[in-house]
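First comes the structure, then the notes that go with it.
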Amino acid sequence: MAYKIAVLPGDGIGTEIIPEAVKILGVLGEVFNHDFVFAEALVGGAAIDETGVPLPEETLELCKISDAVLLGAVGGPKWDTLPVHLRPEGAALLGLRKGLGLYANLRPAILYPALTDASTLKRDVVEGVDIMVIRELTGGLYFGEKKRENIEGGQRAIDTMVYTTEEIVRIVRLGFETARKRGKRLCSVDKANILETSRLWRETVTELSKEYPDVELTHMYVDNAAMQLVRWPKQFDVMVTENMFGDILSDQASMLTGSIGMLPSASIGGKVAMYEPSHGSAPDIAGQNKANPIATILSAAMMLRYSFNLEKEAKLIEDAVVKVLDKGYRTGDIMESGKTLVGTTEMGALIGGELIQNVG
Ligand code: IPM
Ligand code: MG
């Protein structure tokens with residue numbers, strides 16, 4: 001069986017971490033006789049430089065005819081001052097999410113035991129953390145109407161936050177279904193004391209919860225959720241929230257795992273799902289073989305699990321990551337004294353090597 005994978009390295013460290021994930025998939029393909037077919041395309045600043053636009057039509061088309069998309073990261077200082085419709089983050093990333101109908105973003109924040117002391121939080125606070133953050137991905141402030149007006153004394157800028165019942169139901173249902181398969185606890189995060197969209201969100205969640213009596217539901221205001229995440233993160237199993245709150249809380253949750261370089265993500269909901277690390281293009285360390293490829297490699301594992309139903313293979317990747325960390329290898333972002341510092345390619349090779357050993 002052939003699996004067509006659109007590969008979009010993008011910018012900055014994207015071009016360093018993606019090859020490592022592709023190599024890992026290549027290893028698995030060989031061992032298990034899966035025909036992974038990779039087709040690379042331009043996105044982000046790299047696409048602007050080549051074609052003038054951050055999301056070329058061919059790139060979106062390639063994604064649509066593929067079975068899954070593997071994305072690195074987009075953006076960088078070189079393109080930061082471009083007009084808004086050309087900015088890589090908005091036009092490329094949000095364009096891909098919208099264009100592929102990916103309304104749900106899964107960001108699992110799992111602390112690997114070997115990294116317990118890599119977190120900036122105390123050991124007993126983070127030990128055993130395993131949270132699934134589910135972020136709504138195609139609505140809210142990021143997609144609502146934007147405006148800029150000249151007024152006396154300067155300008156006025158407007159972003160609009162919009163949610164419909166239907167948009168809320170589909171993401172929250174995924175939250176309940178996910179919780180059902182895990183610890184059966186769902187925390188819905190909103191700002192219902194202030195925002196109308198949040199009030200609709202909370203009403204909708206409450207209504208839907210009647211279908212899931214086996215799942216323990218809590219509602220939490222986003223400011224409190226931010227505090228609780230660092231106070232006692234183990235109270236959370238699955239969190240579900242709207243786009244911007246999820247963007248912020250998932251970055252915060254990543255630090256429970258030691259580094260955002262450890263946080264993979266799956267964007268699902270459409271015919272073709274997209275897998276990308278939760279971090280950005282990290283221009284400050286780009287091109288130096290310093291980036292942590294683990295978030296991307298774990299994103300590839302999520303691809304195997306969610307898009308291709310290859311659970312055993314996904315687990316093999318995750319186990320290989322655990323083994324390499326247990327043996328003390330670290331990229332700079334998760335480095336501690338007494339451990340062995342390695343670069344991007346070495347980390348990828350170590351995980352690939354471990355994988356081969358475990359299947360062979
Ligand atoms: C993320 C990123 C993006 C987002 C940016 C780069 C547009 O922060 O994937 O979390 O906000 O979704
Ligand atoms: Mg973000």
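All ligand and atom numbering here is 1-based and tracks the order in the structure.
When every heavy atom of Ser267 is checked against every heavy atom of Leu137, the shortest pair comes out as OG-CD2, 3.3 Å. When every heavy atom of Gly99 is checked against every heavy atom of Lys64, the shortest pair comes out as O-CE, 3.6 Å.
Side-chain contact check for Phe236 versus Leu229: some heavy-atom pair is nearer than 4.5 Å. For the pair Ile5 and Met303, the minimum side-chain heavy-atom distance is below 4.5 Å.
Excluding waters, the protein N/O/S atoms found under 2.8 Å from the Mg ion (ligand 2) are Asp247 OD1.
In terms of protein heavy-atom proximity, atom 3 (C) of ligand 1 is nearest to Leu93 CD2, 4.0 Å. Closest to atom 12 (O) of ligand 1 among all protein heavy atoms lies Arg97 NH1, 2.6 Å.
The Tyr142 neighbourhood of ligand 1 comprises atoms 11 (O), with distances under 4.0 Å to a heavy atom of that residue. With ligand atoms numbered from 1 in the order given, ligand 1 contributes 1 (C), 4 (C), 9 (O), 10 (O), 11 (O), 12 (O) to contacts under 4.0 Å with heavy atoms of Arg135.
Between Lys315 and Glu318, no side-chain nitrogen of the basic residue sits less than 4.0 Å from a carboxylate oxygen of the acidic one, so the salt-bridge criterion is not met.
Under the rule for a side-chain hydrogen bond (donor to acceptor under 3.5 Å, both in side chains), the partners of Glu196 that lie at least two apart in sequence or sit in another chain are Arg199. Evaluation of the side-chain hydrogen bond (donor to acceptor under 3.5 Å, both in side chains) rule for Thr206 yields His219 as partners, not counting sequence neighbours.
Considering both main-chain and side-chain atoms, Arg107 comes within under 3.5 Å of ligand 1 through a nitrogen or oxygen pair. For ligand 1, none of its N or O atoms has an N or O atom of Glu89 under 3.5 Å away.
Residue contacts with ligand 1: Arg87 is excluded, as none of its non-hydrogen atoms falls under 4.0 Å.
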Would you please test Asp214 and Arg180 for salt bridge (Lys or Arg N to Asp or Glu O under 4.0 Å) and show each step? CA-CA 7 Å; Asp214 53 320; Arg180 198 169 246 180; 2.8 Å; yes
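A donor atom on one side chain and an acceptor atom on the other are found under 3.5 Å apart for Tyr275 and Ser307.
Within the structure, every pair that satisfies the salt bridge (Lys or Arg N to Asp or Glu O under 4.0 Å) test and touches residues 104-117, not counting sequence neighbours, is listed here: Asp117-Arg123.
Compare Ile260, Leu71, Asp247 by their heavy atoms: the one nearest to atom 11 (O) of ligand 1 is in Asp247.
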